Amino acid sequence: MDKVIRSLIIKGIRLNVTNNKAVKYGCKKFHTSSTHAVELTSVRYPKLKRGNYSRVTDSDIALFERILPGAERVITDPSELDGYNTDWIKNCRGASQLLLKPKTTEDVSAILKICNERNLAVVPQGGNTGLVGGSVPVFDEVIISTLQMNEIISLDELSGTLTCQAGCILGNLDNYVSEYNLTMPLDLGAKGSCHIGGNLATNAGGLRLLRYGSLHGSVLGLEAVLPDGEIVDCMSSLRKDNTGYDVKQLFIGSEGTLGIITKAAILCPQRPQAVNVAFLGVDSFSSVLEVFKETKKNLAEILSAFEFLDTETLRVGTDNLKMSSPISNHPFYVLIETSGSNSAHDEEKLTQFLEYMMTSGKVLDGTVAAETSKIQHIWNLRERVAEGLMHDGYCYKYDVSLPLLHFYDLVEDMRERLGDKVTRVVGYGHVGDGNLHFNVTTPEYDSEVMGLIEPYIYDWVAKYKGSISAEHGLGFKKRQFIYHSKSRSAVKVMKNIKQILDPKGIMNPYKTLPDD
Ligand code: FAD
Ligand code: 2HG
Ligand code: ZN
């Protein structure tokens, strides 16, 4: 035992707010490489037909220039548009010839009114970090970007309610509220680029959903503009408000298909004063589950994240991003984060827990971060997987909810099915939320590999009553498979709502809802 236990470096730490900010809340901006190799979506999906929308004319552009005066607000230069036409994961590329950058809700309203009257299709875009092709045009939709809608409007310190425009970058908001000892209720690897409006539109989950719950609970108020330009004001900041239907919820997770979110009021929890991160090696996925069960039992009130990576995922960091692993190689790794208010108490609890897990043989090796840089390093191994996978070439990305008992069977089954046709098959994600990130890579897009993955994977997930999209949404790429996870009656209600709010279908067409 003692060999194994000796390799556990337990050094509890106390992170003050400043440390914590430096470690977890740095705002890394993503730099995307050349988009030239990305095939146009309309070419890759030749059966998809452009809707019967108008095309942008010179007089439309002149009108938009009058609504959005000043430099850099109406973009028509094709080379500048290229990055906005292409998604982060380089799977989808549209051919929009016009990007608009409103600053205010009124700007958005005026733009949409014209688009609706002219029957011009639009795609709302935040930080363009979405992973399902929802944020870029499929054909030539007008891109409406929230890049210039980045004002923090107010912070009510007493209630912890932050009110801001939709284009504020998540990491910037977190830095801002940290000055008041508050934290944003969500955190994700794309925090340096993604906008809060994009987070709401995708109902993003992220690394702390286990602790703070989904955005459906944290958003107290929301403002959105409907396709006809009408401004829907649901900007209440009350915790409790049961006056009829909760209209704001409709926009959370609607992926830009119902309207453009322009403002939000978000409830920010108290920032934890003590944060510890453990990185553990285990021998099997059933051990990951054992550790999860024990973690909940022993660390319940201070647990803030429970993530796992398989050994191939860790290699993405070590091979592609040249990062080092803090522990020796194992089939699976678990990342546990605790966040509390009493450092000594949390440290003691975590130390005792890990000692117990090591002696019982459930954990083979582990380390607890003692310094800021080490905590950052451990989180990077997890948060930068999506970035590292891109180094392999093309990435087939899946984000599913599954019952934990069948969680990893999917990865093993697919690995066998795909054999040596692919570079890598990886499984990782938010075990604590029952959310598996399953990714496959090849040097370039391969339709044979795609044919082996889809629809097989969706049938697999449906068999176990999982969800084909746990947190990334349906966007362009998954919408046709919606019936694998949603009943016909529920989709019918969705379509009825879409018809009422967007009768001309100009809002983000070809996304979320399936074709009839
Ligand atoms: P975009 O990508 O610009 O848009 C996403 C969708 O929202 C599109 O359909 C778009 O039309 C719509 N939209 C954007 N802004 C608005 C608006 N103001 N009004 C209406 N519709 C709008 N997701 C998770 O859930 N959890 C994670 O842990 C996670 N980690 C990620 C890590 C990395 C490295 C990356 C690249 C992505 C990750 N994502 C994750 C994906 C995730 O969906 C986004 O990062 C984020 O929520 C999207 O925000 P965005 O501003 O980039 O939106
Ligand atoms: C994460 O949790 C993101 O890191 C991205 O949701 C997942 O790239 C992925 O598959
Ligand atoms: Zn995720």
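The structure presented is a predicted model; accordingly, all values stated were derived computationally and were not measured. Each ligand, and each atom within it, is numbered from 1 in the order the structure gives.
With distances taken over non-hydrogen atoms, the option nearest atom 3 (O) of ligand 1 out of Ala264, Gly126, Pro124 is Gly126. Comparing heavy-atom distances from atom 13 (N) of ligand 1 across Ala224, Ala201, Ser469 singles out Ala201 as nearest. For atom 21 (N) of ligand 1, the nearest non-hydrogen atom from the set Gly429, Gly134, Gly256 comes from Gly256. Considering each of Arg382, Glu471, Glu383, the one bringing a non-hydrogen atom nearest atom 2 (O) of ligand 2 is Arg382.
Taking 4.5 Å as the limit, some side-chain heavy atom of Val431 sits within range of a side-chain heavy atom of Leu404.
Below 4.0 Å from some heavy atom of His430 lie the following atoms of ligand 2, by number and element: 2 (O). Atoms of ligand 2 lying under 4.0 Å from at least one heavy atom of Ala386, given by number and element, are 8 (O). Heavy-atom proximity to Thr202, at under 4.0 Å, picks out these atoms of ligand 1: 5 (C), 6 (C), 7 (O), 43 (O), 47 (O). Annotation for ligand 1: atoms under 4.0 Å from non-hydrogen atoms of Asn199 are 46 (C), 47 (O), 49 (O). Heavy-atom proximity to Ile260, at under 4.0 Å, picks out these atoms of ligand 1: 19 (N), 20 (C). Atom numbering of ligand 1 starts at 1 in the shown order; those under 4.0 Å from a heavy atom of Trp88 are 36 (C). Counting the atoms of ligand 2 from 1 in the order shown, those under 4.0 Å from a heavy atom of Tyr428 are 7 (C), 8 (O), 9 (C), 10 (O). Near Thr146, meaning under 4.0 Å from any of its heavy atoms, are these atoms of ligand 1: 18 (N). The ligand atoms of ligand 2 that sit less than 4.0 angstrom from a heavy atom of His472 are 3 (C), 5 (C), 6 (O), 7 (C). Of all the atoms in ligand 1, the ones that sit under 4.0 Å from a non-hydrogen atom of Asn508 are 9 (O), 11 (O). For ligand 2, the atoms closer than 4.0 angstrom to any heavy atom of Leu131 are 5 (C).
For ligand 1, the polar-atom distance check against Glu383 finds no nitrogen or oxygen pair separated by under 3.5 Å. In terms of polar-atom proximity, Gln125 is not counted as a contact of ligand 1, lacking any N or O under 3.5 Å from an N or O of the ligand. Between Leu188 and ligand 1, no N or O atom pair is found at a separation short of 3.5 Å. For ligand 1, the polar-atom distance check against Leu131 finds no nitrogen or oxygen pair separated by under 3.5 Å.
Look at His437 and the Zn ion (ligand 3): an N/O/S atom of the residue is under 2.8 Å from the metal.
The shortest separation from a heavy atom of Gly205 to ligand 1 is under 4.0 Å, placing the residue in contact. Remark: distances from the non-hydrogen atoms of Gly473 to ligand 1 are all 4.0 Å or more. Within the 4.0 Å heavy-atom shell around ligand 1 one does not find Leu207. Look at Asn439 and you'll find a heavy atom under 4.0 Å from some atom of ligand 2. Using a 4.0 angstrom heavy-atom cutoff, Glu387 does not count as in contact with ligand 1.
Both tests pass for Arg44 against the ring of Tyr445: distance under 6.0 Å to the centre and angle within 45° of the axis.
At a threshold of 4.0 Å, the pair Arg417-Asp413 does not count as salt-bridged, since none of the basic side-chain nitrogens sits closer than that to a carboxylate oxygen. Contact check on Arg271 versus Asp174 returns a salt bridge, with a Lys/Arg side-chain nitrogen under 4.0 Å from an Asp/Glu carboxylate oxygen. Using a 4.0 Å cut-off between charged nitrogen and carboxylate oxygen, Glu412 and Arg415 do not count as a salt-bridge pair.
Checked against the Zn ion (ligand 3), the N, O or S atom of Glu471 at the shortest distance is OE2.
Checking side-chain atoms of Asn150 against main-chain N and O of Cys168 turns up no donor-acceptor pair under 3.5 Å.
Residue Lys486 places its NZ atom among 12 or fewer non-hydrogen atoms of other residues, nucleotides or ligands, all under 6.0 Å distant.
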